[in-house]
Structure formats: structure tokens, C-alpha cells
Amino acid sequence: MKTPIIIDTDPGIDDVIAITAAIFAEELDVKLITTVGGNVGIKNTTNNAVNLVNFLGKDIPVAKGADQPLLNKLVSAAKVHGESGVGGYQFEVKENRTLLSSKHAVEELRKAILNSNEPITLVPIGPLTNIALLFKMYPEVKNNIKEIVLMGGAVKGGNRTPVAEFNMFVDPHAAKIVFDEDVKIIMCGLDVTLQTRISNDDVKKIEGYGKVGEMVSQLLSGYDSPSTAADEFAIHDLCTIIYLTRPELFAGKRATVNVVTEGDASGCTLTHYNEDGNVHVVLDVDVEEFRSEFIATFKKVHEQLGY
Ligand code: RIB
Ligand code: CA
């Protein structure tokens with residue numbers, strides 16, 4: 001039985017890699033992709049999502065969401081992902097399908113969740129603006145949400161400030177709304193995503209897997225992620241997908257997470273370990289198995305795509 005998921009995303013180089021892995025994972029059924037302003041502005045994050053789904057030849061609906069955070073002004077990560085959001089990579093248009101919904105992402109999220117026969121797993125891999133709006137406008141959706149598996153936050157450290165991870169820093173008010181909700185959250189923060197480093201050798205292996213391999217290689221050549229060793233890449237968002245397909249590779253602790261929304265520590269995810277917490281904070285991963293899974297995933301994608 002496939003797990004139905006919805007990906008909320010700000011593509012974003014690591015987002016593109018995560019979305020591709022999700023679409024071809026036999027364990028997952030991607031019902032909808034919603035976009036949010038984050039790495040770059042909403043126009044480019046939405047174009048990148050539509051172009052990716054077209055390139056992969058999939059009929060997965062895309063819906064455009066919030067451009068700006070709830071209260072703060074958008075700060076982008078264009079220096080990491082390039083102004084386009086995907087470095088210098090140009091998607092090859094396989095077939096122009098009309099994939100972009102005319103409705104706002106929050107409306108499409110509500111419809112997809114309430115109409116699903118199986119509880120939906122939400123996979124936010126960008127700022128949480130759309131998810132916070134969804135919970136405030138349509139709280140009834142929580143009755144058909146299995147869990148939220150998100151990339152964001154950190155028990156220790158940060159990559160946008162010394163104490164805040166980018167997704168949480170961009171929209172701390174949205175993050176506070178989501179973490180304070182009575183819903184099960186799997187937090188794939190920097191504590192684990194920085195362990196999932198992919199080396200240039202790993203990328204060279206994938207480069208030979210047809211056009212999707214070329215895509216990964218070209219994307220990562222334009223990925224200036226300052227938080228990793230010179231010849232390694234932290235493909236942060238991919239962690240959520242491999243957590244869903246290979247949960248046994250990961251370990252963590254239950255906690256309550258309080259998001260700081262003001263001042264110099266804004267975006268900090270203060271983590272209080274306790275057995276009654278609604279958050280499972282992922283802390284460790286079998287790194288070698290993760291790397292092997294990354295390579296095997298894109299070999300499979302190439303075989304299924306045929307190009
Ligand atoms: O801190 C890493 C996160 O910020 C990832 O989701 C990356 O895509 C950026 O959005
Ligand atoms: Ca992202």
C-alpha cells in the first residue's frame with residue numbers, strides 16, 4: 001500500500017532532488033506539489049516545480065502558494081541555489097502539460113487532504129507558510145493528516161544564523177503555528193541532514209544515469225551550500241524522502257519544540273526532550289546506507305524514465 005503524500009516546497013536544488021526521489025519511490029504516491037517562497041521567489045519556485053514534473057513526464061498537479069512569510073519579509077537563499085533556484089540548470093521540456101492549478105495552494109491542500117481515502121502525510125521542505133495558513137483556515141484537515149515529515153530546524157546550531165535553520169528563519173511565525181499544533185511531526189533538522197553528505201564521487205556515479213543523472217550533476221555543480229565540506233553536499237530535503245522509504249536508517253527522540261519568533265534568536269527551534277512531545281526529532285542516520293540509497297534511487301529513476 002503506497003503512502004499518499006503532499007510535498008510543500010521551495011525548489012531549490014535539494015528540493016528538486018527530493019521531489020524526483022519521491023515521485024519514483026515505489027512506497028510513495030505524490031498526490032500534489034505545492035510551492036512557497038523561500039530559496040527564491042514564488043514565481044521561480046513554482047516554475048521549477050512545474051518544469052520538473054513536466055521533465056519527469058508525470059501528471060502531478062502543482063499549486064502556487066504564499067510568496068511572502070506571514071509577517072516577515074522574504075529573505076532568499078539565491079546565493080546557495082542561484083537566482084533561478086536551480087543554479088544554471090535548464091529543464092528540458094518533454095511535453096508541455098497544463099499542470100499548474102488556478103487555485104491557491106492552501107485550497108488545493110484542503111481539497112486533496114479532505115478527499116483522500118487514506119490519511120495524508122505532509123512533506124514540507126521549505127518555509128511553513130502554506131501549512132500554517134492551512135491549519136488556521138481549515139483546522140478540520142488535521143483529522144485526515146497522518147503526520148508531517150519536514151525538513152527544518154536544528155537542536156543545535158543553524159545555517160542562516162548561528163541558531164536558526166533557513167526554513168524556520170524565513171517564517172518563524174508559521175513554524176510556531178505548525179509546531180504548536182496537536183499533530184505528529186517528524187523533524188529532519190540540520191542535526192541529521194548535515195550528516196547526509198553526498199560526495200563528488202557519489203555524484204559521478206549518478207552522472208551516468210541518463211538525463212536525470214545529468215540533472216543531478218548539473219544541479220549540484222551550481223549548489224553553493226556553505227554548510228558542507230568542500231567536496232561534499234548536504235542534500236537536506238532528500239532526508240525526508242529517505243526517512244519515509246527507509247525509516248530504519250534513522251534514530252531520534254521525542255520532544256516538544258518551541259520556535260522563537262522575535263529577536264536575534266528568531267527561527268531557533270528550542271527542543272525539549274520528553275516522551276509526551278508531538279515531535280520526533282531525527283538525530284542520527286546510517287550515513288553509508290543513506291549514500292547507497294541515494295545512488296540506488298537515481299539508478300532506478302533512470303531505468304524507469306528510460307532517458
Ligand atoms: O536549511 C536547508 C533548507 O533550506 C532546505 O529546505 C533548502 O532547500 C532550503 O530551503
Ligand atoms: Ca527546500
Side-chain angles (χ1 to χ4, degrees), residues 5-22 33-42 44-49 52 62 65-69 72 74-87 89 105 122-131 148-172 174-175 178 185-198 216 219-220 222-228 232-244 259 266-269 281-282:
I5 73 170
I6 296 173
I7 301 175
D8 187 66
T9 176
D10 61 336
I13 286 172
D14 56 329
D15 302 69
V16 167
I17 293 172
I19 294 165
T20 304
I33 295 171
T34 53
T35 60
V36 64
N39 284 319
V40 290
I42 191 72
N44 284 349
T45 58
T46 305
N47 283 343
N48 293 335
L52 173 62
V62 177
D67 180 17
Q68 295 290 325
N72 291 358
L74 180 66
V75 288
S76 86
K79 71 178 176 56
V80 175
H81 297 264
E83 288 303 323
S84 69
V86 287
Y89 183 68
L122 290 182
V123 185
I125 51 177
L128 291 168
T129 315
N130 290 334
I131 310 303
I148 297 176
V149 181
L150 64 84
M151 191 282 138
V155 177
K156 294 194 190 80
N159 60 358
R160 186 65 190 212
T161 75
V163 295
E165 178 278 326
F166 177 78
N167 290 336
M168 303 296 109
F169 176 80
V170 168
D171 196 340
V178 175
I185 294 173
I186 311 290
M187 178 174 123
C188 298
L190 297 176
D191 317 281
V192 66
T193 65
L194 283 173
Q195 294 178 50
T196 60
R197 291 181 176 179
I198 304 299
V216 172
L219 284 170
L220 292 178
Y223 184 48
D224 177 19
S225 175
S227 57
T228 62
E232 290 195 334
F233 310 94
I235 307 180
H236 301 281
D237 294 334
L238 181 63
C239 224
T240 58
I241 306 307
I242 297 193
Y243 178 88
L244 283 166
V259 182
S266 182
C268 178
T269 46
V281 179
V282 184

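Just follow the structure's listing: the first ligand is 1, and inside any ligand the first atom is 1. These numbers were taken from a predicted model, which means no experiment stands behind them.
- Not one N or O on the side chain of Thr240 forms a donor-acceptor pair closer than 3.5 Å with the backbone of Val123.
- Inclusion of Asp15 in the first shell of the Ca ion (ligand 2) is supported: an N, O or S atom falls under 3.0 Å.
- Taking only nitrogen or oxygen atoms, main chain and side chain alike, His236 does not reach within less than 3.5 Å of ligand 1.
- Short contacts between ligand 1 and Asp15, defined as distances under 4.0 Å to a heavy atom of the residue, involve ligand atoms 8 (O).
- Per-residue contacts place Asp14 under 4.0 angstrom from the following atoms of ligand 1 (heavy atoms of the residue considered): 5 (C), 6 (O), 7 (C), 8 (O).
- Between the side chains of Thr9 and Asp15, at least one donor N or O lies within less than 3.5 Å of an accepting N or O.
- Between the side chain of Asn44 and the main chain of Gly85, no donor-acceptor pair closer than 3.5 Å is present.
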**Report entry** side chain to side chain contact (heavy atoms under 4.5 Å, CB included) assessment of Arg160 paired with Val75
**Finding:** CA-CA 10 Å; Arg160 186 65 190 212; Val75 288; 4.0 Å; yes
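- Remark: the backbone N or O of Gly65 is not paired with any side-chain donor or acceptor of Asn130 at under 3.5 angstrom.
- Close approach to Met151 involves these atoms of ligand 1, each under 4.0 Å from a residue heavy atom: 2 (C), 3 (C), 5 (C), 6 (O).
- Not one N/O/S atom of Ala18, from backbone or side chain, sits under 3.0 Å from the Ca ion (ligand 2).
- Side-chain contact, His236 with Asp14: no donor N or O sits under 3.5 Å from an acceptor N or O.
- At the shortest separation from atom 6 (O) of ligand 1 among protein heavy atoms lies Asp237 OD1, 2.6 Å.
- Remark: the backbone N or O of Phe166 is paired with a side-chain donor or acceptor of Asn159 at under 3.5 angstrom.
- Side-chain contact, Thr34 with Asp8: a donor N or O sits under 3.5 Å from an acceptor N or O.
- When hydrogens are left out, the protein atom nearest atom 9 (C) of ligand 1 is Asn39 OD1, 3.1 Å; that is the closest non-hydrogen contact.
- Thr269 contributes a side-chain N or O that, together with a main-chain N or O of Ala154, makes up a donor-acceptor pair within less than 3.5 Å.
- Of all atoms in ligand 1, listed by their number and element, those nearer than 4.0 Å to a heavy atom of Glu165 are 1 (O), 2 (C), 3 (C), 4 (O).
- With ligand atoms numbered from 1 in the order given, ligand 1 contributes 10 (O) to contacts under 4.0 Å with heavy atoms of Asp10.
- For ligand 1 and Ile125, the ligand atoms under 4.0 Å from any heavy atom of the residue are 6 (O).
- Distances from the Ca ion (ligand 2) to the N/O/S atoms of Asp10 are shortest for OD1.
- Those atoms of ligand 1 with a heavy atom of Asn159 less than 4.0 angstrom away are 1 (O), 2 (C).
- Distances from the Ca ion (ligand 2) to each N, O or S atom of Asp237 single out OD2 as the nearest.
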